[in-house]
2 protein chains.
Amino acid sequence: MPTVSSEELAAAAGVNSAKLRKDFSYLGSYGTRGVGYDVEYLVYQISRELGLTQDWPVVIVGIGNLGAALANYGGFASRGFRVAALIDADPAMAGKPVAGIPVQHTDDLERIIQDNGVSIGVIATPAGAAQQVCDRLVAAGVTSILNFAPTVLNVPDGVDVRKVDLSIELQILAFHEQRKAGEEAAAADTAVAPAARRQPADKGPDGDVPAVMPA
Amino acid sequence: MPTVSSEELAAAAGVNSAKLRKDFSYLGSYGTRGVGYDVEYLVYQISRELGLTQDWPVVIVGIGNLGAALANYGGFASRGFRVAALIDADPAMAGKPVAGIPVQHTDDLERIIQDNGVSIGVIATPAGAAQQVCDRLVAAGVTSILNFAPTVLNVPDGVDVRKVDLSIELQILAFHEQRKAGEEAAAADTAVAPAARRQPADKGPDGDVPAVMPA
DNA sequence: CCATCTTTGTGCACGCGTTCACAAAGACAT
DNA sequence: ATGTCTTTGTGAACGCGTGCACAAAGATGG
Ligand SMILES: NC(=O)c1ccc[n+]([C@@H]2O[C@H](COP(=O)([O-])OP(=O)(O)OC[C@H]3O[C@@H](n4cnc5c(N)ncnc54)[C@H](O)[C@@H]3O)[C@@H](O)[C@H]2O)c1
Ligand SMILES: NC(=O)c1ccc[n+]([C@@H]2O[C@H](COP(=O)([O-])OP(=O)(O)OC[C@H]3O[C@@H](n4cnc5c(N)ncnc54)[C@H](O)[C@@H]3O)[C@@H](O)[C@H]2O)c1
């Protein structure tokens, strides 16, 4: 029987082995002292707890650049998700297949949700339409939403929203990038100056952020 | 002078006002007691601290469905990012413009990075190519990477990687969705049964997760 | 100039997640 | 059987982020 110890798993994942054991203990998964965890059983237990043994139908609303890319993405199926329908407001797109799935018009949104028993919706419309689309999804029975539009969605209790904001991801990287440069400058005072780090051009007072700096 | 109090800001953002004040205090003491914060000055200070006053050139590697969607996305420019170049390994794409920017071949990756002084790279290649692309980006001087490929990237110290895994976002939603159903079932024992919640089909023992469940 | 009122900045305490450390459980050899 | 050795499961300690509460700062009005 193939087994793994918490120590091995922790090393591979780069986490603390005690934390890993405590986490597993919440699942009630039983390891064997002196041996470790039965790999197959462990994988099954975690998969089940995470809902990976189920098959979730999802709808994507807004089949533009991003929505089409998502529809074409094959990685969802292997994680237990099935694109049940594609929905767009553009009448010209209705009927056209994207990734082999015909795009349907927003008018039929409620029916599509209900016919397919969908509880997870993806919003890839422009920001201006997102709240309205969200409201309709929720009214039709969707209780989990993945939002790509750069807007905060208001939803009733019991509905989960996750927002994916790619600009913020870049901003976080840029923030650290800026700090790297700052630390290097500070280090250069006491140590040998490191190779020059590239710096972006400062927008100066004409950027799209306020340039006024009161005393 | 337009001002805003920590209480107002906290209410708008849905956070605690004390935490908000403490966070601001790390940037320095910019408030006026009895009045609040000068809006314009505050926005400038935060923008500067976050690096939004700078203009960061980024390259996107892998101009497929996702890479093209990113290239077409106008939301980056307003946050201080500029798509400096698009890179793909497919010779058939070389020279073709995507979002008005000509796609360049991977052969020139190092030169492109250096010519444009790029320190932030976006990887949207298939998973198999991601590590190799990452290595080349890092060797050419990139120190921050936004990775869309479903792979863990190994990078040397000093290089930041952020991974965007859309499947995991859906999995997190599905996980909570599953728990909602479970809690309702439990609640139904003691209270009036709520409206039936839709449940996805269980893959059963034939899913792509192990189905063996040892005693 | 003094009183009052508003709002900041922050010391302190609380709670929660992480880590340490070890007793107990079980495998395995003799 | 008995002893040794490995690894789990978890109580207890630690550290850190969050929130409370209040003194000090400064505006504002009389
Ligand atoms: N493309 C990206 O890389 C990217 C990155 C980050 C964020 N976003 C955000 O994702 C969203 C979509 O981006 P995109 O580049 O695909 O835009 P897009 O303009 O290419 O696509 C938007 C689609 O939504 C459809 N639509 C408009 N209103 C609708 C409605 N009420 N109901 C249904 N469909 C409607 C349009 O017909 C269009 O097909 C935007 O909010 C954008 O800010 C995109
Ligand atoms: N499309 C999505 O919605 C989505 C969602 C989640 C994750 N992803 C991930 O993002 C990545 C890209 O997805 P996609 O749908 O755009 O795939 P895609 O196949 O449409 O595009 C991949 C592109 O990368 C190029 N490429 C391949 N090897 C390369 C190399 N060594 N150097 C440079 N370019 C190379 C290909 O020529 C192609 O243009 C994949 O790893 C995918 O798993 C995509």
Side-chain angles (χ1 to χ4, degrees), chain A residues 1-50 152 157 160-163 165 168-169 171-172 175-176 179 183 210 212-215, chain B residues 1-50 152 160-163 165 168-169 171-173 175-176 179 183 210 212-215:
Chain A
M1 183 179 77
T3 60
V4 279
S5 69
S6 61
E7 205 65 55
E8 291 173 294
L9 279 175
V15 297
N16 182 285
S17 67
K19 179 179 187 321
L20 195 142
R21 285 198 298 278
K22 187 161 283 185
D23 286 353
F24 283 0
S25 77
Y26 292 129
L27 306 180
S29 53
Y30 291 178
T32 307
R33 297 178 186 220
V35 176
Y37 298 88
D38 174 7
V39 173
E40 209 171 9
Y41 181 43
L42 185 62
V43 169
Y44 174 76
Q45 285 297 336
I46 294 176
S47 297
R48 192 172 53 83
E49 187 68 24
L50 263 40
V152 176
D157 282 357
D160 284 335
V161 175
R162 291 189 68 85
K163 186 181 168 188
D165 190 325
I168 284 190
E169 297 296 327
Q171 279 188 29
I172 292 170
F175 174 72
H176 288 127
R179 298 204 120 201
E183 278 164 24
V212 178
M213 185 169 168
Chain B
M1 183 178 77
T3 60
V4 63
S5 71
S6 61
E7 204 66 55
E8 292 172 293
L9 278 175
V15 296
N16 182 284
S17 67
K19 180 179 187 322
L20 195 142
R21 284 198 298 279
K22 188 163 284 186
D23 286 352
F24 283 1
S25 77
Y26 293 127
L27 306 180
S29 286
Y30 299 138
T32 305
R33 297 178 186 220
V35 177
Y37 299 87
D38 174 7
V39 172
E40 207 172 9
Y41 183 39
L42 185 63
V43 169
Y44 173 76
Q45 285 298 335
I46 294 176
S47 297
R48 193 173 53 84
E49 187 68 24
L50 264 41
V152 176
D160 284 335
V161 175
R162 291 190 68 85
K163 186 183 169 187
D165 190 325
I168 284 189
E169 297 297 328
Q171 280 188 28
I172 292 170
L173 287 174
F175 174 72
H176 289 127
R179 299 205 119 201
E183 276 163 26
V212 178
M213 185 169 168

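Protein chains get the first letters and strands the later ones, always in sequence-line order, with residue 1 at the start of each.
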**Asked** Atom CZ in A:F24, atom CD in A:Q45: separation rounded to 0.5 Å?
**Response** 11.0 Å
Check: protein-nucleotides 11-15 of chain D nitrogen or oxygen pairs below 3.5 Å:
unit_1	atom_1	unit_2	atom_2	d
D:dG11	O6	A:K22	NZ	3.3
D:dA12	N6	A:K22	NZ	3.2

**Request:** Measure across A:Y37 and A:R21 and return the closest heavy-atom pair with its distance rounded to 0.1 Å.
**Result:** OH-CG, 3.7 Å
**Prompt:** Has A:K19 got a side-chain N or O lying under 4.0 Å from the OP1 or OP2 atom of C:dT18?
**Reply:** yes
**Asked** What is the nucleic acid contact for B:F24, judged by heavy atoms within less than 4.0 Å: base, sugar-phosphate only, or nothing?
**Response** nothing
**Upstream residue (5' side of DNA chain C) when A:T32 and B:S25 are each assigned their closest nucleotide** = B:S25
**Prompt:** So how far is it from B:D23 CG to B:S6 OG, rounded to the nearest 0.5 Å?
**Reply:** 11.5 Å
**Item:** A:Y44 vs A:E40 side-chain heavy atoms within contact, under 4.5 Å
**Value:** no
**Prompt:** Does a side-chain N or O from B:Y37 land closer than 4.0 Å to OP1 or OP2 of C:dG9, or not?
**Reply:** yes
**Prompt:** Which residue lies toward the 5' end of DNA chain C, A:D23 or A:V35, if each is placed at its nearest nucleotide?
**Reply:** A:D23
**Complete:** On a heavy-atom basis, the closest approach of B:L42 and B:L9 is CD2-CD1, 4.0 Å
**Prompt:** Which nucleotide, D:dA27, C:dA21, C:dT8, lies nearest any side-chain atom of A:R21?
**Reply:** C:dA21
**Asked** Rounded to the Å, how far apart are A:D38 CG and C:dA27 P?
**Response** 13 Å
**Fill in**
Closest heavy-atom pair, B:A18 versus B:N16, reported as atoms and distance to 0.1 Å, is N-OD1, 2.7 Å
**Prompt:** Does A:K163 reach the side chain of B:E169, with side-chain heavy atoms less than 4.5 Å apart?
**Reply:** no
**Item:** Nucleotide C:dA27, atom C1' - distance to CE of A:M1 in whole Å
**Value:** 11 Å
**Message:** What is the distance, to the nearest angstrom, from the CG atom on B:L42 to the P atom on C:dG9?
**Reply:** 10 Å
**Prompt:** Roughly how far, to the nearest 0.5 Å, is the CD1 atom of B:I172 from the CG atom of A:L50?
**Reply:** 9.0 Å
**Asked** B:N16 has an atom CG; how far is it from atom C1' of C:dT8, in whole Å?
**Response** 14 Å
**Prompt:** Roughly how many Å is it from OH in B:Y26 to P in C:dG11, rounded to a whole number?
**Reply:** 10 Å
**Upstream residue (5' side of DNA chain D) when A:A18 and B:G34 are each assigned their closest nucleotide** = A:A18
**Item:** Base C:dT7 paired with B:R33 side chain (donor-acceptor, <3.5 Å)
**Value:** no
**Asked** Does atom OH of A:Y30 have more than 12 heavy-atom neighbours from other groups under 6.0 Å away?
**Response** no
**Item:** Residues within residues 4-13 of chain A bordering DNA chain D, heavy-atom distance below 4.0 Å
**Value:** A:S5, A:S6
**Asked** When we call it a touch if two heavy atoms are under 4.0 Å apart, what does B:Y30 touch: a base, just sugar-phosphate, or nothing?
**Response** sugar-phosphate
